[in-house]
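In what follows, a structure is listed as structure tokens, so that the remarks can point back to it.
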Amino acid sequence: TGLFQCDAPAVCRCILYDSKSRRHPNLSRKTFQAAMKRVFDYTFKNLSAPVSNSTQEELSRFTDTLFDAYDRLKVVKVNAVALACGFTVLCGGRKSDKLEHVFELHDEDKDSLVSRQDITRFIQSFLVMLMSVSSSFTLIHGGDCSNDSMTLSRAIDAGSEWATSQVFDALQPKNGTICFDDFADW
């Protein structure tokens, strides 16, 4: 797709384009599809050869699956910020730069601090994307498991809660929020 060659903030702008004016931006299936078209129009222009029809069809199936994965509450809407954050995993650039960008996306009041809930959502967005691109999720707690949406959702929730608790237990912020520098140092 060429995503690995693309700047994460630019891809995020493609996703967030229709939701700039809303505080909690949700994308309907239609606006999600428009966002995916913008993302892939942007990424395809950097490729040396045109994308084949079969690849475009496979990508269409993947984005349909991706919408369902990010529609965790099954309300036929996805959070644009979560989707944008998840896409950064697939983009080029330094991990620290992408992490800082995602941190900024979650800092709604622009005070350079994010809450425990923000960190949990931020980790969930990464895990949803990683689980969506992985076809090898078959074990949990060392035993076989199904890869149905409920099992994946439970794994994502458990993983993000565990990771968030590791951050907050280690940093022990006094006001319940952390800044990017503390998070990066951790």
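Sequence positions, counted from 1, serve as the residue numbers for this chain.
R61 meets the side-chain hydrogen bond (donor to acceptor under 3.5 Å, both in side chains) test with no other residue; sequence neighbours excluded. Qualifying side chain to side chain contact (heavy atoms under 4.5 Å, CB included) partners for D182, counting only residues two or more places apart in sequence or in other chains: L171, C179. The side chain to side chain contact (heavy atoms under 4.5 Å, CB included) check on D111 picks up D107, D109, L113, with sequence neighbours excluded. The side-chain hydrogen bond (donor to acceptor under 3.5 Å, both in side chains) check on T120 picks up T164, with sequence neighbours excluded. Taking the salt bridge (charged side-chain N to carboxylate O under 4.0 Å, His left out) definition, one finds that D68 meets it with R29, sequence neighbours left out. Residues passing the side chain to side chain contact (heavy atoms under 4.5 Å, CB included) test with S54 are S52, sequence neighbours excluded. Taking the side chain to side chain contact (heavy atoms under 4.5 Å, CB included) definition, one finds that S165 meets it with R116, D169, sequence neighbours left out. Shown here are the salt bridge (charged side-chain N to carboxylate O under 4.0 Å, His left out) partners of D118, two or more places apart in sequence or in another chain: R121.
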Distance-only donor-acceptor pairs under 3.5 Å for side chains of residues 123-130, two or more places apart:
unit_1: Q124; atom_1: NE2; unit_2: D157; atom_2: OD1; d: 3.2
unit_1: S125; atom_1: OG; unit_2: F122; atom_2: O; d: 2.6

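Taking every heavy atom of both residues into account, W186 and A170 meet most closely at NE1-CB, 3.3 Å. Of all non-hydrogen atoms in S115 and T177, the two that sit nearest each other are CA-CG2, 4.2 Å. In terms of heavy-atom proximity, Q56 sits nearest to V51 at NE2-O, 3.2 Å. In terms of heavy-atom proximity, I15 sits nearest to A80 at CG2-O, 3.7 Å. Smallest separation of non-hydrogen atoms from K98 and C91: NZ-O, 2.7 Å. Across all non-hydrogen atoms, the minimal contact from D71 to V76 is OD2-N, 2.9 Å.
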### Query
What do the steps show when you test L90 against F4 for side-chain contact (heavy atoms from CB on, under 4.5 Å), and what is the final call?
CA-CA 6 Å; L90 306 177; F4 73 97; over 6 Å; no
### Chi angles and distances behind the side-chain contact (heavy atoms from CB on, under 4.5 Å) call for I119, I178
CA-CA 9 Å; I119 294 293; I178 59 173; 3.9 Å; yes
### Task
Apply the test side-chain contact (heavy atoms from CB on, under 4.5 Å) to residues V81 and L16: give CA-CA distance (whole Å), side-chain angles for both, the deciding distance (0.1 Å), then the verdict.
CA-CA 7 Å; V81 172; L16 296 170; 4.1 Å; yes
### Message
Show, in sequence, the C-alpha distance, side-chain angles and deciding distance for F87 and M36, and conclude whether the side-chain contact (heavy atoms from CB on, under 4.5 Å) test is met.
### Response
CA-CA 11 Å; F87 258 90; M36 293 299 94; 3.7 Å; yes
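Listed by first and then second residue, the ring pair (Phe, Tyr, Trp, His ring centres under 6.0 Å) pairs that reach into residues 27-60 are F32-F67, F40-F44, sequence neighbours excluded. The list of salt bridge (charged side-chain N to carboxylate O under 4.0 Å, His left out) pairs with a residue in residues 32-42, not counting sequence neighbours, reads D18-R38, K37-D41.
Taking CD of Q33 as the start and NZ of K30 as the end, the distance is 9.5 Å to the nearest 0.5 Å.
Inter-residue side-chain proximity for L27 and L83 is flagged as met; some heavy-atom pair is nearer than 4.5 Å. Taking the side chain as every heavy atom from C-beta outward, S112 and F180 never approach each other to under 4.5 Å. C85 is listed as a side-chain neighbour of H106, based on a closest heavy-atom distance under 4.5 Å. Side chains of T65 and S132 form no contact here, defined as non-hydrogen atoms less than 4.5 Å apart.
Within 6.0 Å of NZ on K95 lie no more than 12 heavy atoms contributed by other residues, nucleotides or ligands. When the shell of 6.0 Å around CD of E58 is examined, it contains 12 or fewer heavy atoms from other residues, nucleotides or ligands.
L73 belongs to a hydrophobic cluster whose remaining members, ordered by chain and number, are V75; membership requires side-chain heavy atoms of ILVMFWY residues under 4.5 Å apart, directly or through intermediates.
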